[in-house]
Amino acid sequence: MDDRVLILAPRGRDAVIAADLLGRNEIVAVVCADQAVLLSELDAGAAVVMLTEEALTMADNTLLADWVAAQPKWADIPFVVLTNGNKAPRTERATQRLGDLGNVILLERPLHAEAMLGAIRSALTARRRQYELRDVAVTLERAVLDRTSELRSARESLEIALEAAGMGSWDIDLQTGESRRTLRHDAIYGYPEGRPDWNMETFLSHVDPKQRGTVTRAMTEATRTGNIDVEYRIDAADGQSRWLVAKGRVRYDENGKASRMTGVVSDVTDRKEADQQLAQAQKMDAIGQLTGGVAHDFNNLLTPIVGSLDLLRRRHKDDERTQRMIGGALQAAERAATLTQRLLAFARRQALQPKAVDIGALIDGLVDLMRRSLGPSIAVTIEIPRHLSSARVDPNQLELALLNLAINARDAMPGGGKLLLSVSETVVDDRNTVGLAPDRYVRIAAIDTGTGMDRATLARATEPFFSTKGVGKGTGLGLSMVHGLAAQSGGTLRLTSEPGAGTTVELWLPATDEAAVDTVENAAEPVAARRAAKVLLVDDEDLVRTATADMLRDIGYSVVEVSSASQALSAIRSGVDADILVSDYLMPGMTGGQLITELRASGNRIPALLVTGYAAAGEDVPSDVIRLSKPFRQTDLAARVDELLRQSPPGRPKLRAVE
């Protein structure tokens, strides 16, 4: 239908003759009676219109001119106009009518049939090219729309990806300073609603003044290298301080001059804080390993000192001056032992002996000492509910921790005040904010009305050797020791404080349904040997082994000394018998725990006491082995040995050679 030729020739036989000629040459022709029919057929589709000049003069051509003007941009339908052959020039109106048709081919009558056919065929060819261009244009337009859609989708995906990654994109014209940014970019700089303008001056105004020179040099260097990758701190418009990383590439014009810089910016504040925390944790771990090793060696040095002083005290009971001097030395040694306990607690390497503890009873037994230590200017209040579950913790270490908290509270209240010790039981789930495993916990809170701590001091309060008490007034290990005890016991320590509003220290310990075990104070004098018993003593430190042997012999035991686990096994294989084994834990070659395991594997269930100055809770230590921490008093050693012998009555097979 689009290849049709429409004919409008209202006078004579021109229309019939033209249609017949075109039909005989296989060209579809449609004769139109008037302009109304012509317009209707044009709407249906046509390739060429052939009309006579008088057809334009007999009717109003406004509608036809409007149809021509309304053609698509690609279309320009040809009009073949048969003129009258008048030699006189056309009137202005006639010329305008022809001009309204646009693409006009004039054929003067009378005309030859071949001339008309040639004109019609040329017009049809031109029309077909218009259709071809239309099809190409449609294809191109569709391709442009598809590509535009793809670009829009890619841009949206990129924006979503950048948003998910917490990044904002930016683009700066290096010649004019004008920029384009995403909303996320402006939000990072503290403008959640966006900022109307942005340039290099605005950017640098947010950069930390100490880093502006570095950032400016990085931007300048980028125009030479083609890329930028810089990390800097900003003071955002919303008042927050952030660490950012900007990465980008430079584009150059045809002259090789830097014209634009495009890239992304991301907020790396969380990563920086995590890096700082990791560095702090690594530092604390290194200090912990160092202090743990120092404490171990120090305990080995203290053990013979304490043991020898104990023996001297017993042998010079009637010499008052000697007793006073020995007492002073023992007091100094015990203070040194307390310091090593704090070091080990901080390093989480002390040999804890956790058991079910009645926290209320423990605090009741400690409160009088606490009140005497704090003085009359500080009121101590205790709040402990009834029917409280026991906590699983080392009672001796807990007492030391509570005394440390009380002393810290006293130092924070130089003018007096109040100290509240409260105990409660709490169940935490897997969404708790204290970082604990879901379980039941006993929470001990020490709340004072002291000077409090600012944020900087609070952040460092549990660091080892950090103290606000001044030189010579504290070791800086109190809170770090409490923190180490809590963590090693399966709990945690929480601190909250405000300057002038006091401090709250919360010690969280695992609760248990086990019955509380009463703690019994050691007797003033060591328990003498109840019967003749032989002790196999194993320790690689000569001074420690000699002092321990002297303490055992002093209360009636016979002792066989060896310096290593391998020597102990050799002695047993050579026929040495013993009623009890007392062994150091950390020794070269084989530990005390491995020695006990080796003996039990061979069928020897000799009672064993494990002595340690470092970490007796190794995986190689059987769980039922009794432990004694260095440095120890003669009374402590005698009590542990007597307890083991009472569990192993006379007549029980002794430790003998293994075949």
Side-chain angles (χ1 to χ4, degrees), residues 289 292-308 344 349-351 353 529 532-553 557-632 636-638 640-641 643-645 647-648 652-659:
Q289 293 183 23
V294 170
H296 169 259
D297 293 341
F298 201 35
N299 280 335
N300 276 338
L301 295 174
L302 283 174
T303 298
I305 294 173
V306 172
S308 299
L344 287 170
R349 288 172 171 83
Q350 78 269 48
Q353 298 186 40
K534 182 180 289 186
V535 178
L536 177 59
L537 176 62
V538 188
D539 200 307
D540 63 311
E541 291 283 344
D542 293 340
L543 289 175
V544 177
R545 188 178 64 253
T546 300
T548 305
D550 288 343
M551 285 189 279
L552 289 170
R553 292 186 180 108
Y557 295 103
S558 60
V559 182
V560 177
E561 300 179 44
V562 294
S563 60
S564 68
S566 60
Q567 289 182 10
L569 290 174
S570 297
I572 294 167
R573 292 189 179 102
S574 66
V576 171
D577 61 353
D579 297 280
I580 184 174
L581 172 69
V582 177
S583 175
D584 186 26
Y585 171 69
L586 196 60
M587 297 182 293
M590 179 183 292
T591 68
Q594 292 170 338
L595 171 61
I596 296 171
T597 301
E598 177 76 16
L599 291 172
R600 290 185 177 184
S602 63
N604 292 300
R605 305 288 298 182
I606 183 174
L609 173 64
L610 197 65
V611 180
T612 177
Y614 186 48
E619 295 181 356
D620 57 351
V621 180
S623 60
D624 61 338
V625 174
I626 295 179
R627 304 163 192 177
L628 178 63
S629 298
K630 298 177 183 178
F632 48 82
D636 300 324
L637 177 62
R640 296 292 193 280
V641 172
E643 179 183 355
L644 283 170
L645 288 174
Q647 296 174 2
S648 178
R652 180 172 178 170
K654 296 183 179 182
L655 180 66
R656 293 191 179 277
V658 179
E659 297 297 335

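Side-chain atoms are counted along with the backbone in the values below, which use heavy atoms only and exclude waters and symmetry mates. Index from 1, following the sequence.
Met587 has its side chain out of reach of Ser564: every pair of non-hydrogen atoms, C-beta onward, lies at least 4.5 Å apart. Residues Thr548 and Leu537 have side chains in contact (heavy-atom distance under 4.5 Å, counting atoms from C-beta outward). Proximity of Met551 to Phe632: side-chain heavy atoms (C-beta onward) are separated by under 4.5 Å at one or more points. The side-chain heavy atoms of Ile596 and Val621, taken from C-beta on, include no pair separated by under 4.5 Å. Looking at heavy atoms from C-beta onward, Leu645 lies in side-chain contact with Tyr557 at the 4.5 angstrom threshold. Annotation: side chain of Leu586 is not in contact with side chain of Thr612 (no heavy-atom distance under 4.5 Å). For the pair Asp539 and Val611, the minimum side-chain heavy-atom distance is 4.5 Å or more. Contact annotation: the side chain of Asp584 never approaches that of Glu541 to less than 4.5 Å [non-hydrogen atoms, C-beta and beyond].
Interatomic distance, CG of Asp636 versus OG of Ser629, reported as 9.5 Å (0.5 Å rounding). Distance check, rounded to the nearest 0.5 Å: OG1 of Thr591 to CG of Leu610 gives 8.0 Å. To the nearest 0.5 Å, atom CG of residue Leu569 and atom CD of residue Glu598 are 6.0 Å apart. Atom CD1 of Ile606 sits about 7.0 Å away from atom CD1 of Ile572, to the nearest 0.5 Å.
The heavy-atom pair separating Asp540 from Pro588 by the smallest distance is OD2-CD, 3.5 Å. The nearest pair of heavy atoms linking Leu536 to Ala568 is CD2-CB, 4.4 Å. Across every non-hydrogen atom of Ala608 and Val625, the tightest pair is O-CG1, 4.0 Å. Of all heavy-atom pairs between Arg627 and Arg640, the closest is O-NE, 3.7 Å. The minimum heavy-atom distance linking Pro622 with Gly593 is given by the pair CD-O, 4.2 Å. Contact detail for Ser563 and Arg545: the closest heavy-atom pair is CB-NH1, 3.6 Å.
The closest donor-acceptor contact from the side chain of Ser602 to the backbone of Leu599 lies under 3.5 Å.
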_Val535 vs Leu609, side-chain contact (heavy atoms from CB on, under 4.5 Å): CA-CA, chis, key distance, verdict_ = CA-CA 10 Å; Val535 178; Leu609 173 64; over 6 Å; no
